[in-house]
Amino acid sequence: MALEKVISEDKIEIVGVHKTVQIRTCTQVLEDGVELSSGYHRHVVVAGDDYSNESTEVQAICAAVHTDAVIAAYQASLTEE
């Protein structure tokens with residue numbers, strides 16, 4: 001009987017006009033390869049956030065979609081509110 005904890009980013013989405021990146025992390029507990037339980041955690045990275053602690057995949061996505069124009073538009077939208 002071997003227990004194993006597996007953590008994976010199972011869903012990464014780009015949402016909205018300001019290209020918010022949503023990351024869903026799945027944590028599974030497996031016994032001999034059979035899932036005993038699982039849970040999810042979500043977090044977001046908005047334009048202008050520091051994403052250096054994210055996975056390389058999320059970093060690449062943020063670098064591609066969070067252009068200077070997107071960051072400026074997002075910052076401008078915050079001052080309007």
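Heavy-atom basis, side chains included; hydrogens, waters and symmetry copies ignored.
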Could you tell me the separation between the NZ atom of Lys11 and the OG1 atom of Thr25, rounded to the nearest 0.5 Å?
12.5 Å
Per the side chain to side chain donor-acceptor pair (under 3.5 Å) rule, what does the pair list look like for residues 53-62, sequence neighbours excluded?
Glu9-Ser55, His43-Glu54
Decide whether Val15 and Val46 are clustered together by the hydrophobic rule: side chain heavy atoms of Ile, Leu, Val, Met, Phe, Trp, Tyr closer than 4.5 Å, transitively.
no
Qualifying residues under side chain to side chain donor-acceptor pair (under 3.5 Å), relative to Thr27, sequence neighbours excluded
none
Are Val44 and Val21 packed together at the side-chain level, in the sense that at least one heavy-atom pair is separated by less than 4.5 angstrom?
no
Under the rule for side chain to side chain donor-acceptor pair (under 3.5 Å), what residues qualify as partners of Ser52, not counting sequence neighbours?
Asp50
In residues 62-73, what donor-acceptor pairs under 3.5 Å come from side-chain atoms, sequence neighbours left out?
from  : atom 1 : to    : atom 2 : distance (Å)
His66 : NE2    : Lys19 : O      : 2.8
Thr67 : OG1    : Val70 : N      : 3.2

Nearest-0.5 Å distance that lies between atom CD1 in Ile14 and atom OG1 in Thr20
10.0 Å
All pairs passing salt bridge (charged side-chain N to carboxylate O under 4.0 Å, His left out) where residues 23-40 contributes a residue, at least two apart
Asp10-Arg24
First locate atom NZ of Lys5, then atom CG of Leu36, and finally report the distance between them rounded to the nearest 0.5 Å.
14.0 Å
Suppose we screen for ring-ring contact (aromatic ring centres under 6.0 Å, His included). Which residues come up paired with Tyr74, at least two apart in sequence or across chains?
His18
Distance in Å, Gln28 CD paired with Ser8 OG, rounded so as to fall on 0.5 Å steps
6.0 Å
